[in-house]
Amino acid sequence: MIRSEILKEIAPVIRDHLVVCNIGIPSQELHAIDDQPTNFYMLGTMGLASSIGLGLALAQPKKVVVIDGDGSILTNLGTLPTIANNQADNYVLLIVDNGSYGSTGDQPTYAGRKTSLSAVAQACGCDNVVECRAEDTKAALEEALAGDRMTVIVCKCASGNAKMPVITMDPVVIRDRFMKAVRA
């Protein structure tokens, strides 16, 4: 399975939650699959989806799901100890680990080689880390959302991107409709 297939499977699961989606093609894929006002699409700032999602979870009680990638997590490794040391039991970080920088041409990441993001998250102090196969992502996510415990899920999947249109929605519109959904 590639990331877009995972997003199709989890779209019904995350529809009623606040979602912060990783920069580039992941946001394009989620937007094309199931655009929701509760989805915040990152159009810039590689590596910050997990940090923005954590801040959102700490600021309000609704469940927050962050869909991030291995390349972005590797770009901002400081996010994992920050997550571990700022407990937010309404926070789920889903790292879609396809072993590549998908939005820039599928160049390999170190997570596709020797680096285990599950081990890194645990070493940073994240208490509830789940590694799963792509096919098991939906079940892992459902379990995390049913619980009241901060969870980091590392989903191992194949590299590849689906052909999706660029998000043409103005970033201010994305922000404003998301903020409205947060307040609702």
Side-chain angles (χ1 to χ4, degrees), residues 1-57 62-76 79 90-106 109 111 117 130 132-142 144-145 151-182 184:
M1 290 179 82
I2 63 173
R3 181 188 50 246
S4 63
E5 294 167 323
I6 294 166
L7 293 176
K8 285 177 189 169
E9 280 198 5
I10 68 169
V13 175
I14 62 176
R15 185 172 290 132
D16 296 327
H17 301 287
L18 300 176
V19 177
V20 178
C21 192
N22 189 26
I23 184 175
I25 294 176
S27 278
Q28 292 171 5
E29 290 172 346
L30 183 59
H31 181 265
I33 291 165
D34 191 33
D35 179 36
Q36 296 291 325
T38 52
N39 294 349
F40 185 73
Y41 306 109
M42 301 293 295
L43 302 181
T45 63
M46 182 173 176
L48 293 179
S50 56
S51 300
I52 290 169
L54 176 63
L56 180 61
K62 295 177 184 175
K63 298 264 182 169
V64 176
V65 176
V66 174
I67 301 169
D68 217 337
D70 54 310
S72 288
I73 291 293
L74 289 166
T75 300
N76 182 15
T79 195
N90 59 333
Y91 180 79
V92 177
L93 172 59
L94 171 60
I95 303 170
V96 180
D97 183 355
N98 61 9
S100 70
Y101 294 100
S103 292
T104 61
D106 280 335
T109 68
L117 290 176
V130 176
C132 66
R133 300 173 313 142
E135 301 80 30
D136 300 323
T137 305
K138 181 180 178 186
L141 187 56
E142 287 172 332
L145 288 168
T151 304
V152 176
I153 301 169
V154 180
C155 159
K156 302 293 277 185
C157 69
S159 183
N161 301 313
K163 290 277 187 193
M164 299 290 178
V166 173
I167 298 173
T168 58
M169 193 182 328
D170 187 274
V172 174
V173 171
I174 294 170
R175 180 201 64 201
D176 289 349
R177 76 179 195 154
F178 184 74
M179 288 175 65
K180 185 177 178 182
V182 169

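No hydrogens, no waters, no symmetry mates; every other heavy atom, side chains included, goes into these values. Keep in mind the model is a prediction, meaning the values are calculated, not measured.
Under the 30°/60° scheme for interplanar angles, the aromatic rings of F40 and F178 are found to be tilted.
A pairwise comparison of heavy atoms in I174 and L43 identifies CD1-CD1, 3.7 Å as the closest pair. Closest approach of N22 to G69, counting heavy atoms only: ND2-N, 3.4 Å. In terms of heavy-atom proximity, I153 sits nearest to A144 at CD1-CB, 4.1 Å.
Taking K138 as the reference, E9, I10, V13, E142 meet the side chain to side chain contact (heavy atoms under 4.5 Å, CB included) condition, with sequence neighbours excluded. For S100, the side-chain hydrogen bond (donor to acceptor under 3.5 Å, both in side chains) criterion is met by N98, D106, S159, not counting sequence neighbours.
Summarising the geometry, atom CG belonging to L48 is positioned 10.0 Å from atom CE belonging to M46; distances are rounded to the nearest 0.5 Å. Here the straight-line distance linking atom OG of S50 with atom CG of N76 works out to 5.5 Å at 0.5 Å rounding. Separation of atoms CD (Q36) and NE2 (H31) is listed at 10.5 Å; rounding is to 0.5 Å. Atom CD of Q28 sits about 10.5 Å away from atom NZ of K163, to the nearest 0.5 Å.
A distance-only check finds no donor-acceptor pair linking the side chain of N39 to the backbone of V19 [under 3.5 Å]. Between the side chain of S27 and the main chain of M42, a donor-acceptor pair closer than 3.5 Å is present.
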Tell me, with the steps shown, if N90 and K62 meet side-chain contact (heavy atoms from CB on, under 4.5 Å). CA-CA 6 Å; N90 59 333; K62 295 177 184 175; 5.6 Å; no

Could you go through D68 and L93, starting from their C-alpha distance and side-chain angles, then the distance that decides it, and tell me whether this counts as side-chain contact (heavy atoms from CB on, under 4.5 Å)? CA-CA 7 Å; D68 217 337; L93 172 59; 3.9 Å; yes

